[in-house]
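Remarks on the structure that follows.
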Amino acid sequence: MPEGPNLVMLKENLLPFKGRRVTAASGYAKNVDPARLVGNTLKDIKTWGKHLLLIFEDFTLRIHQGLFGSYKINQPVKKKAALHLAFGDEQVNFSIVKVQVICEPLDKVYDWSADIMSKKWDEAKAIKKLQAKPKTMICDALLYQDVFAGSGNIIKTEALFRARIHPESYCGNIPTEKLKELSKEVIAFSREFLKYGKTHHLGQRLQAYDREECPRNHIPFHEKDTGKTKRRTFYCDACQLLYK
DNA sequence: GTGCATGTTACGAG
DNA sequence: ACTCGTAACATGCA
């Protein structure tokens with residue numbers, strides 16, 4: 001159930017394995033031969049958006065959890081894992097993940113400045129990308145990983161509410177200053193997501209997602225599958241302005 | 001059993 | 001060749 005902040009938490013939880021050697025590996029995930037992983041030392045762990053990057057000497061494992069993905073560290077699993085990695089007496093099991101092996105240098109593959117969780121996040125670049133898609137609804141753009149890598153349906157919904165922008169607004173009709181504000185809300189909320197998500201108190205911080213009514217106006221939220229992505233969005237049309 | 005969920009990708013139609 | 005839309009795919013929980 002991951003958005004960018006969950007990936008950062010996942011990375012932190014895996015840090016004890018950094019510098020250690022894979023002693024056993026298995027799983028039904030395609031695109032990787034588990035036997036080939038055994039004996040390799042986990043050199044580093046990074047994330048890009050919703051990608052977990054396990055960096056070994058000669059290659060990187062890219063792990064994506066999709067909508068239902070989960071993982072367990074040193075805990076029993078009900079079903080056979082998509083990917084099981086053991087590091088001596090400790091282990092991690094990933095369920096419902098897609099795995100890719102990356103052999104190219106990561107800097108060639110990833111634009112770190114598009115990652116909302118990265119120190120290299122570049123707001124100006126994101127605004128340019130939004131303005132290059134004037135006929136795209138902002139609710140869709142907030143899910144485009146090439147613009148906001150790591151943003152998902154919760155971050156989308158919360159950032160729109162906090163910036164007071166209607167999800168069905170078109171990118172080309174939103175003033176630049178407003179797009180900047182939205183971008184800043186994406187980053188600020190993602191930090192909040194990370195901070196409170198760690199202690200499972202994220203729910204208390206959600207102002208719009210899965211909420212019944214607008215905390216500003218105390219009128220019921222609309223709940224609608226918006227945009228081409230048809231993902232549910234909670235919004236208030238009293239305080240979220242439609243740039244039509 | 002049913003329906004739904006923090007996501008992406010494959011594929012066919014146009 | 002591209003873009004669009006829909007289906008497909010995993011599991012767990014109410």
Side-chain angles (χ1 to χ4, degrees), chain A residues 1-11 13 26-32 47-53 61-72 75-84 92-102 109-110 114-117 129 132-137 139-162 167 170-171 185-187 189-212 221 223-235:
Chain A
M1 0 164 182
E3 297 195 15
N6 300 108
L7 268 289
V8 174
M9 289 179 233
L10 169 54
K11 171 188 150 182
N13 292 336
S26 59
Y28 61 82
K30 295 174 187 171
N31 306 320
V32 65
T47 64
W48 180 87
K50 297 166 188 166
H51 297 192
L52 173 71
L53 302 168
L61 272 196
R62 187 196 96 173
I63 298 178
H64 196 294
Q65 298 184 279
L67 186 54
F68 310 129
S70 62
Y71 66 95
K72 287 193 168 157
Q75 287 178 334
V77 287
K78 284 183 192 171
K79 295 207 165 195
K80 184 170 164 54
L83 181 65
H84 159 88
V92 57
N93 288 286
F94 295 98
S95 297
I96 323 187
V97 288
K98 285 191 173 158
V99 180
Q100 295 281 338
V101 176
I102 299 174
V109 179
Y110 290 109
D115 179 2
I116 61 170
M117 301 309 290
K129 290 176 200 166
K133 317 179 199 291
K135 292 181 181 173
T136 297
M137 280 185 183
C139 60
D140 290 330
L142 280 162
L143 296 173
Y144 291 168
Q145 299 301 296
D146 56 338
V147 184
F148 295 101
S151 173
N153 213 29
I154 296 178
I155 294 173
K156 172 196 89 176
T157 302
E158 288 295 315
L160 285 170
F161 177 73
R162 289 163 194 232
Y170 289 98
C171 290
E185 292 293 358
V186 168
I187 301 305
F189 175 70
S190 299
R191 298 296 175 276
E192 209 174 316
F193 191 144
L194 175 60
K195 182 177 175 187
Y196 292 92
K198 281 181 186 176
T199 49
H200 307 289
H201 291 301
L202 179 66
Q204 299 167 16
R205 312 300 302 179
L206 300 179
Q207 296 176 26
Y209 186 84
D210 218 12
R211 297 292 296 265
E212 300 271 318
F221 271 126
E223 182 183 346
K224 182 180 172 187
D225 292 347
T226 59
K228 288 188 178 173
T229 49
K230 292 181 186 158
R231 299 286 243 97
R232 68 181 184 146
T233 311
F234 297 81
Y235 62 95

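A note on names: the letters A, B, ... follow the listed sequences, proteins ahead of strands, and every chain is numbered from 1. Source: prediction; values computed, not measured.
- Using a 4.0 Å cut-off, some side-chain N or O of Q145(A) falls inside it from OP1 or OP2 of dT8(B).
- Atom NE2 in H64(A) sits roughly 4 Å away from atom P in dT8(B) (whole-Å rounding).
- For the C1' atoms, the distance from dG12(C) to dT9(B) is 22 Å, rounded to whole Å.
- dC4(B) and dA7(C) are spaced 15 Å apart, taking the P atom of each and rounding to whole Å.
- Side chains of T233(A) and K156(A): a donor on one and an acceptor on the other come within 3.5 Å.
- To the nearest angstrom, C1' of dT9(B) lies 11 Å from NZ of K30(A).
- Using a 4.5 Å heavy-atom cutoff, the side chains of Y170(A) and M137(A) are in contact.
- Counting non-hydrogen atoms under 4.0 angstrom, K156(A) reaches nothing in the nucleic acid.
- A cation-pi arrangement is present between R232(A) and Y209(A), with the terminal nitrogen or guanidinium carbon under 6.0 Å from the aromatic centre and inside a 45° cone about the axis.
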Worksheet item: How would DNA chain B look in dot-bracket form, 5' to 3', counting Watson-Crick and G-U wobble pairs with both distances under 3.5 Å and writing | for bases paired to another strand?
Response: .||||.||||||||
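- Distance check: H51(A) NE2 to D115(A) CG gives 10.0 Å after rounding to the nearest 0.5 Å.
- For the pair F68(A) CZ and dC4(B) P, the interatomic distance rounds to 12 Å; values are reported in whole Å.
- Protein atom CD of Q65(A) is 10 Å distant from nucleotide atom C1' of dT6(B), rounded to whole Å.
- Nucleotides of DNA chain C that come within less than 4.0 Å of any heavy atom of chain A span, from the 5' end to the 3' end, dG5(C) to dT11(C).
- Among the heavy atoms of the strands lying under 4.0 Å from R232(A) are primed sugar atoms or P, OP1, OP2 only; no base atom is included.
- Within the 4.5 Å cutoff, side-chain heavy atoms of R191(A) are placed close to those of M117(A).
- Distance CD1 (I96(A)) to P (dT9(B)): 16 Å, rounded to an integer number of Å.
- Whole-Å rounding puts the E192(A) CD to dT6(B) C1' distance at 16 Å.
- Within the 4.5 Å cutoff, side-chain heavy atoms of V186(A) are placed close to those of F148(A).
- Side chains of Y144(A) and K133(A) form a contact here, defined as non-hydrogen atoms less than 4.5 Å apart.
- Taking atom CG on L7(A) and atom C1' on dG7(B), their separation rounds to 12 Å, with Å as the unit.
- When side chains are defined from C-beta on, S70(A) counts as touching S95(A), because their heavy atoms get closer than 4.5 Å.
- Following rounding to the nearest Å, E3(A) (CD) and dA5(B) (P) show an atom-to-atom distance of 14 Å.
- The pair R162(A)-E192(A) meets the salt-bridge criterion, since a charged nitrogen lies less than 4.0 angstrom from a carboxylate oxygen.
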